[in-house]
Q: 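Take a look at this one; I'll ask things after.
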Amino acid sequence: MLKSLVPTGRGSVATSVALIGAILIFAFIAANFSPGTFAITLLTGLLRAMLLFLVAAGLSLIFGLMDILNFAQGGYFMLGAYITFDVVHPEAGIMSFGSLIADPTMRFAFAITIATLIGAVLGYVLERGLLRPLYKRALFQLVLTFGVSIILLEAVKFLWGPSPYSWTVRLPIQESQFRIFDTPFSTYRLFVIAMGLMLMAVVIVLLRRTRIGIIIRAGVQDPEMVSALGINVRAVFTLVFTLGCALAAFGGGVAVPFLGATNSLGATFLLASIAVIVLGGLGSFEGTAVGSFVVGLGWAAMEQFSARPEIGTVLASMSPMLLLALVLLLRPKGLFGEDR
């Protein structure tokens, strides 16, 4: 169940701080004690953490409130990336109406809006049309969402083909740069990090400071009591599921300028996001936020470490699962997890 957004114990906070501290020390060693390289690793880790959060936040909200592990979440991320790419590059995709907007920045903002709305609509259809009859059949829910993820993948291959797309339209915010320790960075990285932090704050305020947030948490604890008060709990759950899918599609749209549009995006970010929510503690939103930082920073540090020829890149791709195994050895319920 969704818990308090206030850390539940000193042990959780102490373990989280120690883990992030150890990752930062490892990143500094992997950077050969170079401040500039360390800064690059740190920013890359924060960027990856925010992208993971955009997928994992929806996954955590849906699981925490509805006990549904949505395997299609990565598919929504991938779909958001392809739709955003297509609208911004009308000559390369299947949708040409993006050419009506001449300014690339406005076209990009419009593309992300379209991708988010389509993600929300498809999430609504999935919850209302397919998942709702299976609320009390957990295994069937898993199979169904896994099947939907495959359908989304095949739909993307059918519409856009199996070949990946590289982002070619240069946005002014991508051209803009700033420097840390004489090392240049794209301002777009800061934009993504700021966007992730802003969404994190918005979701926290939504759950803790608004009437709909109180209804959501009350509905989780005692849906029959909330229904007796005349509140449609099922409609609230539909809203949460739709919001979670929209967040994933939004994340794909934000990520595509530097990741490109590839059909492996869904699986890559889904597996890492599952590691994030389990590592943070199933159903704990604050655990998901902290877990995103742990996995994102750890992934970037391991990438820097794996840049040495004798190490190889396989360790970097394995890092989310290695961190998950380490945390579960220290805290079997995850950083902020409780018995479910």
Side-chain angles (χ1 to χ4, degrees), residues 23-24 27-28 30-32 34-57 77-78 80-89 92-93 98 101-113 115-116 164-201 247-262 264-265 268-269 272-273 292-293 295-307 313 316-317 319:
I23 290 172
L24 292 179
F28 194 56
N32 289 325
S34 165
T37 307
F38 175 69
I40 293 175
T41 305
L42 191 60
L43 274 180
T44 303
L46 289 175
L47 175 71
R48 200 176 289 275
M50 290 303 100
L51 293 180
L52 285 173
F53 173 77
L54 291 175
V55 181
F77 182 85
M78 173 187 63
Y82 270 90
I83 292 172
T84 303
F85 175 88
D86 198 336
V87 174
V88 177
H89 300 76
I101 304 174
D103 182 70
T105 301
M106 294 298 295
R107 201 187 313 157
F108 179 56
F110 176 71
I112 289 182
T113 304
T116 305
Y165 291 92
S166 297
W167 187 272
T168 57
V169 173
R170 302 302 296 175
L171 304 172
I173 195 171
Q174 287 180 288
E175 301 292 345
S176 174
Q177 292 187 335
F178 64 99
R179 304 182 76 84
I180 299 179
F181 297 112
D182 290 329
T183 304
F185 297 96
S186 169
T187 306
Y188 191 76
R189 293 192 180 205
L190 281 186
F191 166 75
V192 175
I193 293 170
M195 189 65 67
L197 291 173
M198 185 188 72
L199 283 175
M200 196 180 290
L247 275 177
F250 175 83
V254 170
V256 69
F258 48 82
L259 293 181
T262 68
S264 64
L265 279 176
T268 301
F269 276 85
S273 299
S292 298
F293 284 107
V295 173
L297 291 171
W299 198 342
M302 192 61 81
E303 275 183 339
Q304 180 60 40
F305 181 69
S306 302
T313 58
S317 58
S319 59

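Predicted model, so just to flag it, every value in this text is computed and none were measured.
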Q: Closest heavy-atom contact between Phe77 and Gly251?
A: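 Closest approach of Phe77 to Gly251: CE1-C, 3.4 Å.
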Q: What residues, two or more places apart in sequence or in another chain, satisfy side chain to side chain contact (heavy atoms under 4.5 Å, CB included) together with Leu197?
A: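 Applying side chain to side chain contact (heavy atoms under 4.5 Å, CB included) to Leu197 gives Met50, Ile193, Phe293.
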Q: Provide the full list of salt bridge (charged side-chain N to carboxylate O under 4.0 Å, His left out) pairs with a residue in residues 35-51, sequence neighbours left out, each pair given once.
A: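 Of all non-adjacent pairs touching residues 35-51, those that pass salt bridge (charged side-chain N to carboxylate O under 4.0 Å, His left out) are Arg48-Glu303.
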Q: Once you round to the nearest 0.5 Å, how far does OG1 of Thr84 lie from CZ of Phe250?
A: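 Those atoms lie 9.5 Å apart.
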Q: Run Val192 and Leu51 through side-chain contact (heavy atoms from CB on, under 4.5 Å) and show every step you take.
A: CA-CA 8 Å; Val192 175; Leu51 293 180; 4.0 Å; yes
Q: Of all heavy-atom pairs between Val254 and Tyr188, which one has the smallest distance, and what is that distance?
A: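 Residues Val254 and Tyr188, closest heavy atoms: O-OH, 2.6 Å.
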Q: Atom CZ in Phe269, atom CE in Met78: separation rounded to 0.5 Å?
A: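 Rounded to the nearest 0.5 Å, the CZ-CE separation comes out at 13.0 Å.
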Q: CD1/Ile112 to CE/Met195 distance, rounded to the nearest 0.5 angstrom?
A: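 One gets 7.0 Å once the value is rounded to the nearest 0.5 Å.
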Q: Could you tell me whether a side-chain N or O of Arg107 sits under 3.5 Å from a main-chain N or O of Ala102, the two making a donor and an acceptor?
A: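 Checked: pair present.
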Q: Are any side-chain N or O atoms of Gln304 and backbone N or O atoms of Ala301, one a donor and one an acceptor, separated by less than 3.5 Å?
A: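 No, because the side chain of Gln304 does not come within donor-acceptor range (under 3.5 Å) of the backbone of Ala301.
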Q: Check whether any side-chain heavy atom of Arg189 lies under 4.5 Å from a side-chain heavy atom of Phe258, and answer yes or no.
A: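 No; the side chains remain at least 4.5 Å from each other.
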Q: Looking at every heavy atom in both Ala115 and Ala249, which two are closest together, and how far apart are they?
A: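 Closest approach of Ala115 to Ala249, heavy atoms only: O-CB, 3.4 Å.
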Q: When you measure from the side chain of His89 to the backbone of Val169, do you find a donor-acceptor pair of N or O atoms at a distance under 3.5 Å?
A: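 At least one qualifying donor-acceptor pair exists.
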Q: So which heavy atom on Leu52 is nearest to which on Ser292, and how close?
A: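 So the minimum-distance heavy-atom pair works out to C-OG, 4.2 Å.
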Q: Donor-acceptor check, side chain of Asp103 to backbone of Thr105, threshold 3.5 angstrom: yes or no?
A: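 Yes; judged by distance alone, with no hydrogens or angles, the pair exists.
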Q: What are the two closest heavy atoms between Phe53 and Leu199, and how far apart are they?
A: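 Answer, listing the atom of Phe53 first, then Leu199: CE2-C, 4.3 Å.
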Q: Using 0.5 Å steps for rounding, measure from the CD1 atom of Ile83 to the OG1 atom of Thr113.
A: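 Here the interatomic distance stands at 12.0 Å.
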Q: Which residues pass the salt bridge (charged side-chain N to carboxylate O under 4.0 Å, His left out) test with Arg179, not counting sequence neighbours?
A: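 Partners of Arg179 by the salt bridge (charged side-chain N to carboxylate O under 4.0 Å, His left out) criterion come out as none, since no residue qualifies.
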Q: Show, in sequence, the C-alpha distance, side-chain angles and deciding distance for Thr262 and Thr268, and conclude whether the side-chain contact (heavy atoms from CB on, under 4.5 Å) test is met.
A: CA-CA 10 Å; Thr262 68; Thr268 301; over 6 Å; no
Q: Hey, does the side chain of Thr187 reach the backbone of Ser176 with a donor-acceptor pair shorter than 3.5 angstrom?
A: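 Yes, the answer is positive, given that a donor and an acceptor are paired below the 3.5 Å cut-off.
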Q: So that I know where these two stand, are Phe85 and Tyr82 an aromatic pair - ring centroids less than 6.0 Å apart?
A: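 They do not qualify: ring centres at least 6.0 Å apart.
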Q: Any idea which heavy atoms bring Trp167 and Val256 closest together, and the distance?
A: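 It is CZ3-CG1, 3.5 Å.
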Q: One pair to check against side-chain contact (heavy atoms from CB on, under 4.5 Å): Phe28 and Thr41. What are the steps and the verdict?
A: CA-CA 9 Å; Phe28 194 56; Thr41 305; over 6 Å; no
Q: Run the side-chain contact (heavy atoms from CB on, under 4.5 Å) check on Leu47 and Leu190 step by step: do they pass?
A: CA-CA 8 Å; Leu47 175 71; Leu190 281 186; over 6 Å; no
